[in-house]
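Comments concern the structure below.
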Amino acid sequence: MNSLISSKLPKDFYQRDAAELAPDLIGKIFCRKLSSGIIAGRIVEVEAYDGRVDEASHSFGGITRRNEVMFGGGGFLYVYFTYGMYYCCNVVAGIKGTGQGVLIRGIEPIEGIALMSRNRYGRRKVTGQEKINLTSGPGKICIAFGITKKNNGVDLTGDRIFLAEGGDADNFSVVCSQRIGIKKSRELEWRFFIEGNNYVTKHKLNKTFKTFGSQ
DNA sequence: CCACGGATTGGCT
DNA sequence: GCCAATCCGTGGA
C-alpha cells in the first residue's frame with residue numbers, strides 16, 4: 001500500500017476540463033484509509049459534468065450552498081445527497097470558478113473487500129454476485145467506502161481519501177456513451193467505462209457504446 | 001432477462 | 001410542490 005501512496009495523483013492532474021479528465025480517471029485507484037483498514041479499488045466507469053455547457057450538471061445554474069465545492073478548482077471531492085437516501089461522489093475538475101466534476105460510477109474492489117461488505121451488507125463475507133454488487137454504481141460506491149456528506153470538500157491530495165496511479169495491470173479499452181439517469185443534455189457522450197468490466201453499471205447503453213481509446 | 005414502481009429527503013421554483 | 005447524476009424488489013415474458 002505504500003506504493004499507492006507514493007503514486008498519489010498530484011493537484012495539477014485534476015486542473016483540466018472534466019470531459020478531458022474523465023477518461024484518464026479510468027484505471028486509476030480510488031483509496032480510503034480508515035482506522036479499521038484500507039479500502040481501495042480501480043475506477044472502471046465515470047461521467048463528466050461541466051456547468052458551463054451542460055444543463056445536466058449541478059453547477060449549471062451557478063454557485064449554491066450545495067454545489068460550491070464544484071467551483072473550488074480540481075482535486076477535491078464533491079459529495080451530494082440524492083433520491084432521499086443515497087450519496088454519490090465526484091472528483092472536482094477544472095480551474096477555480098468553472099464548476100466541473102467527474103462522477104465515479106463504477107469501481108472494481110482491490111483491497112478491503114470485507115470492510116466494503118460490512119458497510120453494504122452488515123457482514124464481512126460475500127458471494128460472487130454480492131461482490132459484483134458492492135461497487136457497481138455511484139450510490140453503492142459511497143455505501144461501500146463509507147462516504148457521506150461529511151466528506152464533501154475533502155482535498156484529494158490529502159492522506160485519507162486520494163487517487164493513485166493504476167500500476168502495471170492497466171491493459172483495457174475505454175469506450176464512451178451517453179450518460180445515465182439524466183433528462184437534460186442527453187446528447188453529450190460523456191460517460192466513459194471499460195468495455196465488459198463486471199463493475200460497470202448494468203444498462204442498455206452498455207451495448208451501444210462507441211470506441212474511444214485504449215492504453 | 002427486462003420493465004416498472006416505491007422508498008425517502010433535500011434543493012430549488 | 002415537484003423532482004432528483006439511485007437502488008432494489010417484484011412480476012411477467
Side-chain angles (χ1 to χ4, degrees), chain A residues 14 17-19 21-23 25-26 30 41 43-72 74 76-94 98-107 109 116-123 126-154 176-193 196 198-209:
Chain A
Y14 303 99
D17 287 351
L21 172 65
L25 289 177
I26 301 294
F30 189 75
I43 297 172
V44 300
E45 180 188 5
V46 298
E47 285 175 356
Y49 289 87
D50 183 342
R52 296 172 300 179
V53 294
D54 172 13
E55 288 189 81
S57 176
H58 291 168
S59 54
F60 181 72
I63 192 164
T64 66
R65 177 77 56 83
R66 179 206 203 191
N67 66 23
E68 62 185 351
V69 172
M70 289 185 79
F71 289 88
F76 294 88
L77 196 68
Y78 164 54
V79 183
Y80 69 90
F81 183 65
T82 192
Y83 289 101
M85 62 185 93
Y86 296 110
Y87 293 100
C88 297
C89 69
N90 288 243
V91 170
V92 176
T98 55
Q100 304 184 59
V102 180
L103 174 68
I104 308 300
R105 290 197 57 96
I107 285 182
M116 293 187 204
S117 180
R118 199 173 68 184
N119 290 337
R120 284 277 285 145
Y121 309 126
R123 53 185 157 75
V126 282
T127 65
Q129 192 52 53
E130 284 174 340
K131 187 183 171 192
I132 290 170
N133 209 26
L134 281 174
T135 49
S136 54
K140 300 175 189 178
I141 288 168
C142 284
I143 298 172
F145 278 72
I147 289 171
T148 69
K149 195 103 190 162
K150 280 180 281 193
N151 303 296
N152 187 38
V154 163
C176 68
S177 77
Q178 296 181 340
R179 294 171 294 178
I180 292 177
I182 55 165
K183 294 193 170 155
K184 301 170 186 170
S185 298
R186 278 220 166 123
E187 70 283 359
L188 296 173
E189 296 185 308
W190 281 358
R191 173 178 178 243
F192 303 91
F193 58 101
N198 280 335
Y199 295 88
V200 170
T201 310
K202 278 62 186 172
H203 196 277
K204 27 182 186 187
L205 282 173
N206 292 2
K207 295 175 189 167
T208 59
F209 63 80

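In the text below, chain A, chain B and the rest are named by the order of the sequence lines, each starting its count at 1. Atoms considered below: every heavy atom in the structure, side chains included; atoms not considered: hydrogens, waters and symmetry mates.
Rounded to whole Å, the distance from CZ on A/R120 to P on C/dT6 is 14 Å. Put simply, CD on A/E45 is 13 Å from C1' on C/dT6, counting in whole angstrom units. Across the protein-nucleic acid pair, A/R65 atom CZ and B/dC12 atom P stand 10 Å apart, rounded to whole Å. Spacing between atom NE2 of A/H203 and atom P of B/dC1 amounts to 16 Å, rounded to whole angstrom units. Between A/L134 atom CG and C/dC8 atom P the separation is 11 Å, expressed in whole Å. Remark: P of C/dC3 and OH of A/Y80 are 18 Å apart, rounded to the nearest angstrom. Across the protein-nucleic acid pair, A/I104 atom CD1 and C/dT6 atom C1' stand 16 Å apart, rounded to whole Å. Spacing between atom CD1 of A/I141 and atom P of C/dT6 amounts to 11 Å, rounded to whole angstrom units.
A 3.5 Å limit on both hydrogen-bonding distances identifies no Watson-Crick or G-U partner for C/dA5. Base pairing of C/dT10: its partner is B/dA3, meeting the Watson-Crick or G-U wobble criterion (both donor-acceptor distances under 3.5 Å).
With C/dT6, B/dC2, C/dA5 as the candidates, the nucleotide lying closest to the side chain of A/Y49 is C/dA5. Taking the side chain of A/K183 as heavy atoms from C-beta on, and the options B/dC12, C/dA5, C/dA4, the nearest nucleotide is C/dA4. Among C/dC8, B/dC12, C/dA5, the nucleotide with an atom closest to any side-chain atom of A/T64 is B/dC12. Relative to the side chain of A/N133, the nucleotides C/dA5, C/dT6, C/dC8 differ in distance, and C/dC8 lies closest.
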> So A/L25 and A/F192, side chain to side chain contact (heavy atoms under 4.5 Å, CB included) or not? Walk me through it.
Replying inline: CA-CA 9 Å; A/L25 289 177; A/F192 303 91; over 6 Å; no
>> Please determine whether side chain to side chain donor-acceptor pair (under 3.5 Å) holds for the pair A/T127 and A/K131, giving the CA-CA distance in whole Å, both sets of side-chain angles, and the decisive distance to 0.1 Å.
In response: CA-CA 6 Å; A/T127 65; A/K131 187 183 171 192; over 6 Å; no
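Contact annotation for A/G84: base contact, defined as any heavy-atom pair under 4.0 Å involving a base atom. Among the heavy atoms of the strands lying under 4.0 Å from A/K140 are primed sugar atoms or P, OP1, OP2 only; no base atom is included.
Residues A/V200 and A/N206 meet the side-chain proximity criterion, which asks for heavy atoms closer than 4.5 Å.
Under 4.0 angstrom from either OP1 or OP2 of B/dC2 there lies at least one side-chain N or O belonging to A/K207.
A donor-acceptor pair under 3.5 Å links the side-chain atoms of A/N67 to the main chain of A/T64, judged by distance alone.
Aromatic rings of A/H58 and A/Y49 (six-membered ring for Trp) have centroids beyond the 6.0 Å cut-off, not under it.
Across the interface with DNA chain B, nearest-nucleotide mapping of A/Y86 and A/F81 shows A/Y86 to be the residue nearer the 5′ end. Comparing A/I143 and A/I182 against DNA chain C, the residue whose closest nucleotide sits nearer the 5' end is A/I182.
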